[in-house]
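As the structure lists them, so they are numbered: ligands from 1, and atoms in each ligand from 1.
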Amino acid sequence: MQELLAYYDQREAESLLTILVQYFFGLSQSGLITNADFRLSESEMLQLHFAVKDLKKYRPVQYIIGETEFFDLKIKVNKAVLIPRPETEELVQLIINNEKQRDLNILDIGTGSGCIAIALKKNIPFAQLTGIDISDAAIELASENAENNKLNIAFAELNILDQRQWNLLGQFDIIVSNPPYVTNAEKNRMDNNVLNYEPHQALFVADNDALVFYKAIFHFSENHLRQNGKIYFEINEEKGNEIVELAKSKNFVNVKLHKDINGKNRFVSGSKVSVI
Ligand code: GLN
């Protein structure tokens with residue numbers, strides 16, 4: 001503990017240690033002992049030693065232990081994928097609240113660890129879920145996460161910016177995406193734990209083309225989103241109005257900008273209508 005206080009404030013250091021102890025000693029969230037044997041093997045001791053060493057280099061604890069929780073589900077993470085954020089849980093909740101009743105075909109673009117697709121499938125069991133990502137390592141991990149959670153989801157390595165690959169995908173009722181949206185200009189405001197460890201491919205877009213993924217997804221939606229189908233995006237808090245205008249210019253209706261728990265513009269939803 002003492003060792004970490006030079007690097008983290010008291011509360012953070014405590015919560016990081018709790019996570020490590022739970023992981024290494026098999027304690028449950030409530031502190032109940034699920035594995036009464038407190039002895040660590042030599043290799044576990046070594047792992048714990050390196051874990052603390054890594055924390056001092058601001059390596060995210062989720063990468064150190066290789067897993068995190070998202071929407072009460074265990075999700076494995078590695079350096080090929082972003083660590084799922086609490087805001088993204090809110091995006092999933094928004095979709096579940098709005099869409100629970102129907103039989104749906106849902107596409108998650110830039111699925112990463114698969115967290116969105118997995119949480120949706122778990123909570124809307126009759127929906128069919130597809131997740132795509134440009135990274136084969138991400139797709140491999142997402143598939144593993146779906147399997148570990150006993151959920152049936154189709155994952156495919158696919159680059160949404162490459163139109164030639166679009167015909168590999170069918171038609172959907174809902175398209176959801178948390179694409180890269182941090183501009184390079186915003187890079188220097190980011191923390192080292194993000195900047196030095198999370199995949200830049202999943203985070204950053206060029207300053208002069210910050211909406212590149214949203215534009216591609218609207219274009220893709222022309223033929224791959226059904227009439228009255230919905231889009232749900234996580235967005236850069238600075239781009240809310242721009243993305244709302246973009247959606248309207250693409251004939252989406254009922255376009256809404258939603259705030260996250262921190263009061264920041266974080267999500268955009270909308271419905272597709274036919275152009276008459
Ligand atoms: N919300 C993430 C962050 O600020 C970024 C996620 C993304 O680019 N899609 O680190």
**OP:** Answer yes if the side chains of E186 and T183 hold a donor-acceptor pair under 3.5 Å, and no otherwise.
**Re:** yes

Subject >> Other residues, nucleotides, ligands: >12 heavy atoms within 6.0 Å of E237 CD >> reply: yes

**OP:** Evaluate the criterion side chain to side chain donor-acceptor pair (under 3.5 Å) for residue pair N228 and K272; output intermediate values, then yes/no.
**Re:** CA-CA 5 Å; N228 302 314; K272 176 178 167 172; over 6 Å; no

Original post:
Mind checking what residues have non-hydrogen atoms under 4.0 angstrom from ligand 1?
Top reply: L82, R85, N178, P179, P180, Y181, V182, M190, A202, L203, E234

Original post:
Parallel, tilted or perpendicular: which describes the rings of H200 and F204, with under 30° parallel and over 60° perpendicular?
Top reply: perpendicular

Original post:
Would a line drawn from the ring center of Y214 to the ring center of F233 be shorter than 6.0 Å?
Top reply: yes

Original post:
Rounded to the nearest 0.5 Å, what separation is found between the CG atom of L211 and the NZ atom of K239?
Top reply: 6.0 Å

